[in-house]
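Presented below is the structure to which this report refers.
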4 protein chains.
Amino acid sequence: MEFRETLPIYLQIAEYVCEKILSKEWKADFRIPSVRELAISLEVNPNTVMRTYEFLQQKEILFNQRGVGLFVSSDAYKNALAYLKDKFMDREMPIFFRTMNMLGLEIEDLDIFYKKYNRNSSSGSKQ
Amino acid sequence: MEFRETLPIYLQIAEYVCEKILSKEWKADFRIPSVRELAISLEVNPNTVMRTYEFLQQKEILFNQRGVGLFVSSDAYKNALAYLKDKFMDREMPIFFRTMNMLGLEIEDLDIFYKKYNRNSSSGSKQ
Amino acid sequence: MEFRETLPIYLQIAEYVCEKILSKEWKADFRIPSVRELAISLEVNPNTVMRTYEFLQQKEILFNQRGVGLFVSSDAYKNALAYLKDKFMDREMPIFFRTMNMLGLEIEDLDIFYKKYNRNSSSGSKQ
Amino acid sequence: MEFRETLPIYLQIAEYVCEKILSKEWKADFRIPSVRELAISLEVNPNTVMRTYEFLQQKEILFNQRGVGLFVSSDAYKNALAYLKDKFMDREMPIFFRTMNMLGLEIEDLDIFYKKYNRNSSSGSKQ
DNA sequence: GTGGTCTAGACCACC
DNA sequence: GTGGTCTAGACCACA
């Protein structure tokens, strides 16, 4: 997996997990890959994955069954959605709109960009 | 001035300066506030303003007349626009659309937020 | 059986066994349930029960008659009491009193909690 | 500083910080020791202190002023109290009372232990 | 096997 | 100087 420079890797992995959950690929009580497995497959340090998993437990998106592994919590969908939504509303949207204003762009101007974006990242969900 | 947590302060100050330039409040050859003046008025560390001014010189938005002060360059408008546009296209838009996809939002859904945003931050200075 | 998160499961099962012994429900030379039986009834991994039984043998609360099963030792009552007492004096009490100090609580303040606690867990087996 | 074996070091350091706050030694807006300073004085790895500070920020007991340092938040007292209280009620009290019951102890029996404890740890707060 | 804690040390952006 | 991220690797208790 490739990572953007703008966001810590462990949070990008958190988004990756949330994507799996929102796409229903990983449902409630699904046992997610172990720290070591995911670390190897994403080519990062196990500590980094650990940090992601810790973060998501705290958000009640994952839960731990001691000695067994980590599982998708029953409220995972709801909580993952809330997490991404908060992030979007509080952090991304204001910056985005602010720049749009300064550039003199209107909502209508986004259409063309949006379509272009979706073309370029059609692989998006799967890795 | 209050700062968002998501962006380095010196870049937020850079945006503040760009805004002045794009709004034609500060035109070519305008002598901008000294590091100290701006630092005091924005309540930040002078080093931080210094960094902003260095950054904008490097982008050829400001230029330094030694011993006199910093001035708005003749290409400032063009360069400020280019800077914001690059930032928008390369960084903000991809992240923004990516999250929109995950949340299942469409462009149309943004309308209401956009309007609300413009209401809340109509002046742009204090918040 | 449900387990608290703060204590290893195998130790919670050890407490469960000690309770049986201290309440005289299981007396000296009583043949206790097999690893498999108890594992099924408590819905845990047999390895976990195994570990409990090893632990209690080491404390001379249980003893093993090879090929037959595990039995309550003749000193079980005394040893179970000693085990719980040590645990209480060395580990639980210092932590407990330390927190009480930080919270500014006095012994008298515990009364109400103690009564409430006893109401909620009067039976002790299922919760 | 010496650490108990029963609790991760980073949480023991969190308690240490909470103690400072509850004892009013560190008040709101007090700048706490830097990660490196505290790591040296407690003889632990900076990462461990980092983890404590992260934990306490998330509990809104500390807040970060970028590039400057970490400070005691205005709600620190309230939040530190809540943190310790929750821990006490949910985790320590049930275990404590359960053992007391098994040992046949009553609240009244604690008095003598409590007095003895306070004698032995009179140095308690200061380190 | 699992998650979790800790150390050591590098590197970074930011103020 | 500050906090923060990441890697590498050791070690642990638990199931």
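Bear in mind the structure is a predicted one, so any value in this text is a computation, not a measurement. Keep in mind that the numbers below use all heavy atoms, side chains included, and drop hydrogens, waters and symmetry copies. Order of the sequence lines sets the chain letters (A, B, ...), proteins ahead of strands, with each chain counted from 1.
One atom, CD of D/Glu5, and another, P of F/dC14, lie 12 Å apart when rounded to the nearest Å. Residue C/Gln12 contributes atom CD, which lies 9 Å from atom P of F/dA15 at whole-angstrom precision. Rounded to an integer number of Å, the gap from CZ of B/Arg4 to C1' of E/dC14 is 16 Å.
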Mind listing the side-chain donor-acceptor pairs of residues 50-63 of chain C below 3.5 Å, one per line with the distance, residues two or more places apart or on another chain?
residue : atom : partner : partner atom : Å
C/Thr52 : OG1  : C/Tyr10 : O            : 2.9
C/Thr52 : OG1  : C/Thr48 : O            : 3.2
C/Tyr53 : OH   : C/Pro33 : O            : 2.9
C/Gln57 : NE2  : C/Tyr53 : O            : 3.4

So what's the dot-bracket for DNA chain F: Watson-Crick or G-U pairs under 3.5 Å, [ ] if a pair crosses, | if it pairs off-strand? ||||||||||||||.
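A/Gln12 places a side-chain N or O within donor-acceptor distance of the main-chain N or O of A/Leu7, the cut-off being under 3.5 Å.
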Nucleotides 2-6 of chain F: which of its N/O atoms have a protein N/O under 3.5 Å away?
residue : atom : partner : partner atom : Å
F/dT2   : OP1  : D/Ser34 : OG           : 3.2
F/dG3   : OP2  : D/Val35 : N            : 3.0
F/dG3   : O3'  : D/Asn64 : ND2          : 3.3
F/dG3   : N7   : D/Arg36 : NH1          : 3.1
F/dG3   : O6   : D/Arg36 : NH2          : 3.1
F/dG4   : OP1  : D/Gln57 : NE2          : 3.4
F/dG4   : OP1  : D/Asn64 : ND2          : 3.3
F/dG4   : OP2  : D/Gln57 : NE2          : 3.4
F/dT5   : OP2  : A/Arg51 : NH2          : 2.4
F/dC6   : OP1  : A/Ile9  : N            : 2.3
F/dC6   : OP2  : A/Tyr10 : N            : 3.4

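By the 6.0 Å contact criterion, CZ on C/Arg4 is enclosed, its count of non-hydrogen atoms from other residues, nucleotides or ligands being greater than 12.
A cation-pi arrangement is present between D/Lys24 and D/Tyr77, with the terminal nitrogen or guanidinium carbon under 6.0 Å from the aromatic centre and inside a 45° cone about the axis.
Contact between B/Ala80 and B/Ile21 at its shortest, heavy atoms only, is CB-CG2, 4.5 Å.
With rounding to the nearest 0.5 Å, the separation of CE in C/Met102 from CZ in C/Phe97 is 14.0 Å.
Taking a cutoff of 4.0 Å between a charged side-chain nitrogen and a carboxylate oxygen, B/Lys87 and B/Glu15 qualify as a salt bridge. A salt bridge does not link D/Glu5 to C/Arg91: none of the charged nitrogens lies less than 4.0 Å from a carboxylate oxygen.
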